[in-house]
Every structure is written in structure tokens, then in C-alpha cells.
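First up is the structure itself, then whatever we jot down about it.
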Amino acid sequence: DPNEDTEWNDVLRDFGILPPKEKPKDEIEEMDLRLQKEAEKPYERMNLKELKEAEDDFDEADMKAVEMYRQQRLQEWKRLQRRQKYGELREICGEQYVKEVTNAPEDVWVIIHLYRSSIPMCLLVNQHLGLLAKKFPEAKFVKAIVNSCIQNYHDRCLPTIFVYKTGQIKGRFIGVAECGGINLKVEELEWKLAEVGAIETDLEENPKKDIMDMMTFSIQNLSAYKDTNTKSSDVMKPNIT
């Protein structure tokens, strides 16, 4: 029996006459697990505090990798802090504009809505931004009554949405039309903010695309209809000499 555990069979296996004896499945799985643990560096499972405490235990070859993991953990911690800090549409006043918007952390996108509560479209935008603030807590969403920031700002320019990054305006939507119209849906506003880079949307295409395509189709048909009528009229005109 080639599978029998005997000294003679062991000799035959050593000379390659018999194939190696198969290891039990449990033993193979246990070995795979042990090899995985041996291949895994200890610092890959550590948090920032543990990395700091154990840094003297690492050799020089590991220090670059340790520093990489330290920076990775630091970024994860910062993202967690931002998620705990943002996540809602906050009200600010003009005096807070520089601190909250212009001087926001360099890695944070800031969306500010200048509004007037007497304008229905402004209330709709505030409602949508409140939902988006919860969906994208890594971005900073704020609103401010326009008179507290800009005196004598004309109502036709409201709602006004500014998008900031590193103290610079990266996007702006001024007035009802640029903000999406009186029938604006939250997905359409999400797409607009994603286009300027403020958020990373999971929408695959512009929610307003179908409406825009239909409008383009209607305009093209209207133009074709007018061209046809013009040509027909030219044919029916009397030939005056």
C-alpha cells in the first residue's frame, strides 16, 4: 500500500519512487495560515499609538514601510475627525466667512450658500444641501444670509453657491438658472458639485441629461420644421420679373 505509513515506504519516497505522502487537509490549512501570519508585518496591524511605542523594535529595512503605514493611519484618523466634525449644513454669518470658508483646512472642500429666506428657491437649495451634507460628511457645507456677507446683493443673483478649496473659488452657481431651476432635484445639485470636484458622487450620469436631450431634440425638430416651411414658401412665391 503506497499510502501506508511504513519505513520502507519512507525510503521509497526519499528516492522519488513513491509520491510524497499527502498531508491532512487540516494540517495544510494550518500551515497556510501560519505562513500568512509570518508574511504579514506586525506594523500592518498597529494603530498610531502602537506604531509610536514600537518604533524602536523595527530594523532599518522596516522603517520606510513603518513611516508609510504611519502616514496612512494619520490620514485615516484625519478623515475620521472630519466625518465627526462635518455632516450637516451649518449657519454662519459674514464675520465668520474668512475663518469658516477662506481659511478652511487645505484638504477640505467648502460649499457655501448665500441665501435669503424670502426666496423659495433658496429654501429649496438649503433643503438639498442639508441632505448632501449628511451624504458627504467629508465636505464642509455652510449657509449664510446674504446681507451678512454682501450688502445690496441683488435678489436676481440668488441663490448663490460658491465652492472653495485651499481658499480659492473652484466653482460658482449664481441665480436660479445656474443653480438648476425652480424644479431642482437633489441629485442634480449633487451632480453639479461633483463636476467641480467638491464631492465624489456615485451617480453614473447627469440626472438632467434626459431632459436636456429632449429639449435639444425639440429645438432641432422646430428648426427643421421652420426650414421646411421656409423652403415651401419660397417655392410658392410668384416669379416677379
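Bear in mind the structure is a predicted one, so any value in this text is a computation, not a measurement. Just so it is clear, the values below take in all heavy atoms, side chains as well, and ignore hydrogens, waters and symmetry mates.
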Could you go through Leu184 and His128, starting from their C-alpha distance and side-chain angles, then the distance that decides it, and tell me whether this counts as side chain to side chain contact (heavy atoms under 4.5 Å, CB included)?
CA-CA 9 Å; Leu184 176 70; His128 290 344; 3.9 Å; yes
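- The side-chain heavy atoms of Val146 and Gln151, taken from C-beta on, include no pair separated by under 4.5 Å.
- Smallest separation of non-hydrogen atoms from Leu89 and Asn126: CD2-O, 3.4 Å.
- To the nearest 0.5 angstrom, Lys140 atom NZ is 11.5 Å from Glu88 atom CD.
- Partners of Val196 under the side-chain contact (heavy atoms from CB on, under 4.5 Å) rule, at least two apart in sequence or in another chain, are Val163, Phe173, Ala198.
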The test is side chain to side chain contact (heavy atoms under 4.5 Å, CB included); show your working for Leu114 and Phe162 and say whether it passes.
CA-CA 8 Å; Leu114 301 180; Phe162 291 134; 3.8 Å; yes
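- Glu200 and Phe136 make their closest contact through O-CE2, 3.3 Å (heavy atoms, listed as atom of the first residue, atom of the second, distance).
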Does the side chain to side chain donor-acceptor pair (under 3.5 Å) test come out yes or no for Glu187 and Trp191, once each step is laid out?
CA-CA 6 Å; Glu187 294 83 7; Trp191 186 265; over 6 Å; no
Show, in sequence, the C-alpha distance, side-chain angles and deciding distance for Ile182 and Val176, and conclude whether the side chain to side chain contact (heavy atoms under 4.5 Å, CB included) test is met.
CA-CA 7 Å; Ile182 57 175; Val176 173; 3.9 Å; yes
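- Linking Ile, Leu, Val, Met, Phe, Trp and Tyr whenever their side-chain heavy atoms come within less than 4.5 Å leaves Leu132 and Leu203 in two separate clusters.
- Taking both residues in full, the closest heavy atoms of Ile112 and Ala144 are given as CD1-CB, 4.4 Å, listed atom of the first, atom of the second, then distance.
- Hydrophobic clustering (side-chain heavy atoms under 4.5 Å, transitive across Ile, Leu, Val, Met, Phe, Trp, Tyr) keeps Tyr115 apart from Tyr153.
- One distance of note links CD1 of Ile199 with CD of Glu190; it measures 5.0 Å at 0.5 Å rounding.
- With Glu195 contributing its side chain and Lys192 its backbone, the two residues share no donor-acceptor pair below 3.5 Å.
- Considering every non-hydrogen atom in both Phe141 and Ala133, the closest pair reads CD1-CA, 3.5 Å.
- Under the 4.5 Å side-chain heavy-atom criterion for grouping Ile, Leu, Val, Met, Phe, Trp and Tyr, Leu158 is not connected to Leu123 through any hydrophobic cluster.
- Remark: Arg90 engages Glu100 in a salt bridge, criterion side-chain N to carboxylate O under 4.0 Å.
- Note: Asn206 CG to Thr201 OG1 = 10.5 Å, rounded to the nearest 0.5 Å.
- When all heavy atoms of Cys179 and Met121 are compared, the closest pair comes out as CB-CE, 4.1 Å.
- Arg116 is listed as a side-chain neighbour of Asp155, based on a closest heavy-atom distance under 4.5 Å.
- Note: Ser117 OG to Lys143 NZ = 9.5 Å, rounded to the nearest 0.5 Å.
- Residues Leu129 and Ile111 come closest through the heavy atom pair CD2-CG2, 4.3 Å.
- Side-chain contact between Lys185 and Pro207 is absent, with no heavy-atom pair separated by less than 4.5 Å.
- Not a single donor-acceptor pair under 3.5 Å links the side chain of Gln168 to the backbone N or O of Tyr164.
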Report the C-alpha separation of Tyr97 and Ser148 in whole Å, then their side-chain angles, then the decisive distance to 0.1 Å, and conclude whether the side chain to side chain donor-acceptor pair (under 3.5 Å) test is met.
CA-CA 10 Å; Tyr97 198 103; Ser148 72; over 6 Å; no
What's the verdict on side chain to side chain contact (heavy atoms under 4.5 Å, CB included) for Tyr86 and Val108, showing C-alpha distance, side-chain angles and the deciding distance?
CA-CA 10 Å; Tyr86 307 127; Val108 174; 3.9 Å; yes
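- Counting non-hydrogen atoms of other residues, nucleotides and ligands closer than 6.0 Å to NZ of Lys134 gives a total of 12 or fewer.
- Interatomic distance, CD of Glu178 versus SG of Cys157, reported as 9.5 Å (0.5 Å rounding).
- Clustering ILVMFWY residues whenever any of their side-chain heavy atoms sit less than 4.5 angstrom apart, transitively, puts Ile169 in the very cluster that holds Trp109.
- Following chains of ILVMFWY side-chain contacts shorter than 4.5 Å, one can reach Leu193 starting from Leu131, so the two form part of one hydrophobic cluster.
- Taken from CG in Leu189 to CG in Leu124, the straight-line distance is 9.0 Å, to the nearest 0.5 Å.
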